[in-house]
Amino acid sequence: MKLDKFFQSLLLIGTAIVFISNPARSEEVREETQGEFYTTILGKSIFNDPILVLDKEFVISKSPVFASSNRKPRHFQSQIASSLQRGKLNESSKKIPQQNQIKQISQSAALFVQLPAPNNPHSVPAGEVIQVTGVQANPTDKGVEVILQTTLGQQLQITNRSADKNFIADIPNAQLRLSNGDAFTFRSQKPVAGITEIIVTNLDANTIRVTITGEALLPTVELFDSDEGLIFGLTPAATAMQPPQQPKPEKPLSETPQKEPSVQTDEPIELVVTGEQDDGYRVPDATTGTRLDIPLLETPASIGVITRELIEDIAPKRGEDLIPFVPGVTRGTGGGDAQGGNIPEFTIRGFSVARQTYINGLRDNQRFLVRDLANIDRIEILKGLSSLLYGTGTPGGLVNYVTKKPQAIPSNAITFQAGSFNSYRGEVDFTGPLNTDKTLLYRLVAAVQDADSFYANVEDNRILIAPSITWLPANGSSLTVETEYYQQQQNFNSGIKFFNNEFLYDRSYVDPRDRGQRDNYRVSAYFDQPLGKNWSLSLNGQYLDTYRDLFVLSAFRFNGNTLQYLYRNPLTESYTQLNLRSEVRGNFQIGASDHKLLAGVEYSRFRADLTGNTRNIFFGSIDVFNPTFGEPLPTDLAPGKQPSSNTDYGIYVQDFITLGRFRILAGLRYGWFDAEFNNLNTQNATFLSPTLGLVYKLTDSASVYASFSQSTEPQSGRLAGGGLIDPKSATQYEVGAKANFLNNKLSVTAALFNLTQTNIAETDFNNPDFSILLGEVRSRGLELQVGGKMTDNLSLIAAYTLLDAQITKNTTGQEGNTLVNSPSNSFGLYAKYDFTKGGLRGLSLNSGLVYVGEREGDNANSFDVPSYVRVDLAASYKLENLTFRLGIENLFDTRYVTSTVNAANVFQGSPLAVTGSISYQF
């Protein structure tokens, strides 16, 4: 893509977005004229999105305090607390506490310790976490009221303390969660005179904390129950102690009246609302492991999460650039899947998961798709324990991309980026409501990229347009529809070479005639419907369509000491994929145990029709040390068609049981698949995948776990003697421990695993149209993960892996060898320091360190890949609506190898590269 076309595309996309965003902005003005005031936004959510919720939104409105007739004051066990109650809500003449009373109250550490609410019609099982789905703030005649919105408000039990001017209330067994399960934080700065700040946040995975800071003295706080939820009535100390007004003496007519301060004004409260649980690079939960709202601390699996904050700080070109910071994950595609950098390159616990990537929990395009990250909110990497919910696949785990979702608050961002190797990129991200009641939300993400590479004759040009819409009807259901067009122009790059005991860095073996373009279309729908109070139904589906047009011409293999071209042209492919899934979730009790049940059925099918030169042609001779191009192309082609397809069905049930301090995860999947290749060979089989996990909570912030799982994985290769290869099967055992430190701001996870897979095959490079059996592989190791905030200013994420992945049984003499791309030791660390005060406020300084130990270059262990250390630096500066970023990758310009397939397919890491960007948020 030429640079002029790049700017033309960016201009076209920007123009379309302006037209789309105008209706929501004009509606916002109409809302203000009707006397209803909405929040001012500052900050980012864990999805980089502002979050507004009251039946999907936070609203600020002017209304009399405690006017609702269904509100009732809380009665407290503490006599001091009871003395604060003002009786019924419509009694406004209650005596105001005096200053000495307020001081006495501020010394009470159990002000709002309450008796259980009697005869509550909205009871929940013991130990059940109550979801608070929104926070509403209303100015009142006496100050301000804060409403924690939930139908189970009477079940919320509160313990408080006070320190200096701060009132702090902790609410156990409760969490701030949007209707889609995402966590959020509410913050209001200077809502009224006398109150400096109100913060409502998730203290940990089971507790909400409300912090109210007075300006001079501790404010007076009252609690009320209503159908809306739990209400905090806040009266600033200055207002609470204000003496009754005396009749004013008559003044001479000539005297100028003095202006008196007014506690209550007509100005709207300015709220700063963030959907961000300020934990740096840590998140308290992820749904990929269980598809339930279960904290990571209680999940019997090791799950790594790459947050949007980390994605923005590092600005990677693809998701694989972030894997040094997730333990157990390395880069590579395995020994038999050399696709020139055109497929995902995740390897988990020694096993390639190139075909095991998902998007929003549904299997992603399995044919040569490298995702762009503009529309990705976070990446969740599940290690092991995936077959129950995800069916057939590699036992190492899976990678789940979670997309950005439409939001209720208008938020817009435009970013331009430029960097080394003629790299230019533009992004836009617009979201907001399409109607006044905010039941129809939209999002539009678009990106255009024009980029060369440090490899000569290699480009990575992209166009992404990803609109989505969410409908929120009044019955509590939700429907989100996502569409996506993604074009990628990327060459088939076989990397550098290892020859005569030497890595030939800084060379390109891609012929200038090589080209490749992929046009990808995706339509996805996600529907959720409550079925009463404790049950819900979800229906999810997606349709994918990809068209590939390739001219493959790249140095691909050694024939003895001769380096030869791989040639495939003409070559086109039409690929379609359909995924459907239906699930029912329910909460119930059996005796002393609480249950979260998940049951589902799933269907998936893909078909690929390859047309053109369907066989690999190797020809020519390339100078390994000084490659030149232009050799005449072969004419003995074999044009034809090569269809393939796969159909997969699954039915599964999973139960998450809470019994005291124990958590038990048990489930079973019955599956059936049918694979067909070239209309000749078919393979079908049924399988059972059991999973069992056990967690014991040592404390509220520490747990240990153990798990067992089995999996099945189809293989598409053919044996030279005829027929398809039988599926692989695997068994994994895992134990681990998890703990949160520093007031739950820092998380530490440790895992030990032992995984064995049998009946493994890979491409025979001496006869690439067929596969050979390797036999059995065993992978075992230790993983350590640290992530979160060391201080309010310092965020970090760190990962260490000790891995032993060996071929334990083999028919070709490789028994005892180490698997390719499986270093014994690897370590990654990334840290960021945010300056929040003084002249450097708005500045962030980042640094990354990556160490990867020595590895084997192929499964034959014919050569070693040396270890390396890489240092990265970055900085950003926020100035009002502008954010400036600068990143330096590979500060010391180290030459290193990221992954290999064999000596002819070795992938070099980037030399020193500099990238700068500017973002405008409005």
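We number each residue from 1, following the sequence as shown.
- If you check the side chains of S711 and S689, you find no donor sitting under 3.5 Å from an acceptor.
- The nearest pair of heavy atoms linking L464 to A374 is CD2-CB, 3.9 Å.
- Closest heavy-atom contact between P344 and L369: CD-O, 3.4 Å.
- Within the 4.5 Å cutoff, the side chain of L441 has no heavy atoms near those of the T431 side chain.
- Counting heavy atoms from C-beta outward, Y521 and T483 have side chains that stay 4.5 Å or more apart.
- T731 and T756 are not linked by any side-chain donor-acceptor pair at a separation below 3.5 angstrom, with hydrogens and angles left out of the test.
- Inter-residue side-chain proximity for N375 and Y486 is flagged as unmet; no heavy-atom pair is nearer than 4.5 Å.
- D528 meets the side chain to side chain contact (heavy atoms under 4.5 Å, CB included) test with S478, S538; sequence neighbours excluded.
- Partners of Y649 under the side chain to side chain contact (heavy atoms under 4.5 Å, CB included) rule, at least two apart in sequence or in another chain, are Y603, T647, W672.
- Remark: E602 does not engage R363 in a salt bridge, criterion side-chain N to carboxylate O under 4.0 Å.
- E298 is linked by a salt bridge (Lys or Arg N to Asp or Glu O under 4.0 Å) to R663, K697, counting only residues two or more places apart in sequence or in another chain.
- Using a 4.0 Å cut-off between charged nitrogen and carboxylate oxygen, K596 and D594 do not count as a salt-bridge pair.
- A salt bridge between D460 and K317 is absent, with no side-chain N of the basic residue lying under 4.0 Å from a carboxylate O of the acidic one.
- A donor-acceptor pair under 3.5 Å links the side-chain atoms of R669 to the main chain of L389, judged by distance alone.
- Between L537 and S582 there is a side-chain heavy-atom pair separated by less than 4.5 Å.
- In this structure, the side chains of D293 and Q131 come closer than 4.5 Å at one or more pairs of heavy atoms.
- The number of heavy atoms from other shown groups lying within 6.0 Å of OH (Y733) does not exceed 12.
- Side chain to side chain, Y526 and N360 meet the donor-acceptor criterion of an N or O pair below 3.5 Å.
- Partners of R607 according to the salt bridge (Lys or Arg N to Asp or Glu O under 4.0 Å) rule, which considers only residues two or more places apart in sequence or in another chain, are D609.
- Contact annotation: the side chain of N520 approaches that of N365 to within less than 4.5 Å [non-hydrogen atoms, C-beta and beyond].
- Taking every heavy atom of both residues into account, T307 and V283 meet most closely at CG2-CG1, 3.7 Å.
- Heavy-atom minimum distance, A666 versus L692: CB-CD1, 4.0 Å.
- Using modelled atom types and a 3.5 Å distance limit, the side chains of Q757 and E713 yield a donor-acceptor pair.
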Next on the checklist: Go through it in stages, so that I can follow the logic: the residues are T392 and F687, the test is side chain to side chain contact (heavy atoms under 4.5 Å, CB included), and I'd like the CA-CA distance, side-chain angles, deciding distance and then a yes or no.
Outcome noted: CA-CA 9 Å; T392 58; F687 64 91; 3.4 Å; yes
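- Using bins of under 30°, 30° to 60° and over 60° for the plane-to-plane angle, the ring pair Y401/F346 lands in the perpendicular bin.
- Between R349 and Q732, the side chains place a donor N or O and an acceptor N or O closer than 3.5 Å (distance only, hydrogens not considered).
- Partners of Y358 according to the ring pair (Phe, Tyr, Trp, His ring centres under 6.0 Å) rule, which considers only residues two or more places apart in sequence or in another chain, are Y390.
- Here the straight-line distance linking atom OG of S302 with atom CZ of F753 works out to 9.0 Å at 0.5 Å rounding.
- The backbone N or O of Q589 lies less than 3.5 Å from no partner atom in the side chain of S593, so there is not a single donor-acceptor pair.
- Electrostatic pairing of E482 and K405 counts as a salt bridge here, judged by a charged N lying under 4.0 Å from a carboxylate O.
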Item to check | Worked verdict on V399 versus R371 for side chain to side chain contact (heavy atoms under 4.5 Å, CB included) | outcome: CA-CA 12 Å; V399 178; R371 284 234 154 255; over 6 Å; no
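- Remark: the Y575 side chain and the Q577 side chain contain an N/O donor-acceptor pair separated by less than 3.5 Å.
- Between the side chain of E380 and the backbone N or O of A286, no donor-acceptor pair lies under 3.5 Å.
- Remark: the backbone N or O of T333 is paired with a side-chain donor or acceptor of S352 at under 3.5 angstrom.
- Within the 4.5 Å cutoff, the side chain of I376 has heavy atoms near those of the T403 side chain.
- Atom-to-atom distance recorded for I359:CD1 and T357:OG1 is 9.0 Å, nearest 0.5 angstrom.
- To the nearest 0.5 angstrom, T288 atom OG1 is 4.0 Å from N400 atom CG.
- I348 and L398 make their closest contact through CD1-N, 3.8 Å (heavy atoms, listed as atom of the first residue, atom of the second, distance).
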Next on the checklist: Between T576 and L578, is the side chain to side chain contact (heavy atoms under 4.5 Å, CB included) condition met? List the steps.
Outcome noted: CA-CA 7 Å; T576 57; L578 176 66; over 6 Å; no
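- Between the side chain of Q654 and the main chain of T290, a donor-acceptor pair closer than 3.5 Å is present.
- Here CD of Q517 is found 10.0 Å from CD of Q488. Values are rounded to the nearest 0.5 Å.
- For E573, the salt bridge (Lys or Arg N to Asp or Glu O under 4.0 Å) test picks out R367, R548, with sequence neighbours left out.
- Atom CD of residue E583 and atom CG of residue L598 lie 4.5 Å apart, to the nearest 0.5 angstrom.
- No donor-acceptor pair under 3.5 Å is formed between the side chain of T299 and the backbone N or O of A301.
- Under the 4.5 Å side-chain criterion, counting only non-hydrogen atoms from C-beta, F656 is in contact with I294.
- Panel note: side chain S387, backbone Q710; a donor-acceptor pair is recorded below 3.5 Å.
- The two atoms that bring R291 and G361 nearest to each other are NH2-O, 3.8 Å, heavy atoms only.
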Next on the checklist: Quick one, K383 with V326, criterion side chain to side chain contact (heavy atoms under 4.5 Å, CB included). Give me CA distance, side-chain angles, the key distance, then yes/no.
Outcome noted: CA-CA 10 Å; K383 289 163 281 184; V326 180; 4.1 Å; yes
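- In this structure, CD1 in I590 is found 7.5 Å from CG in D655, a value given to the nearest 0.5 Å.
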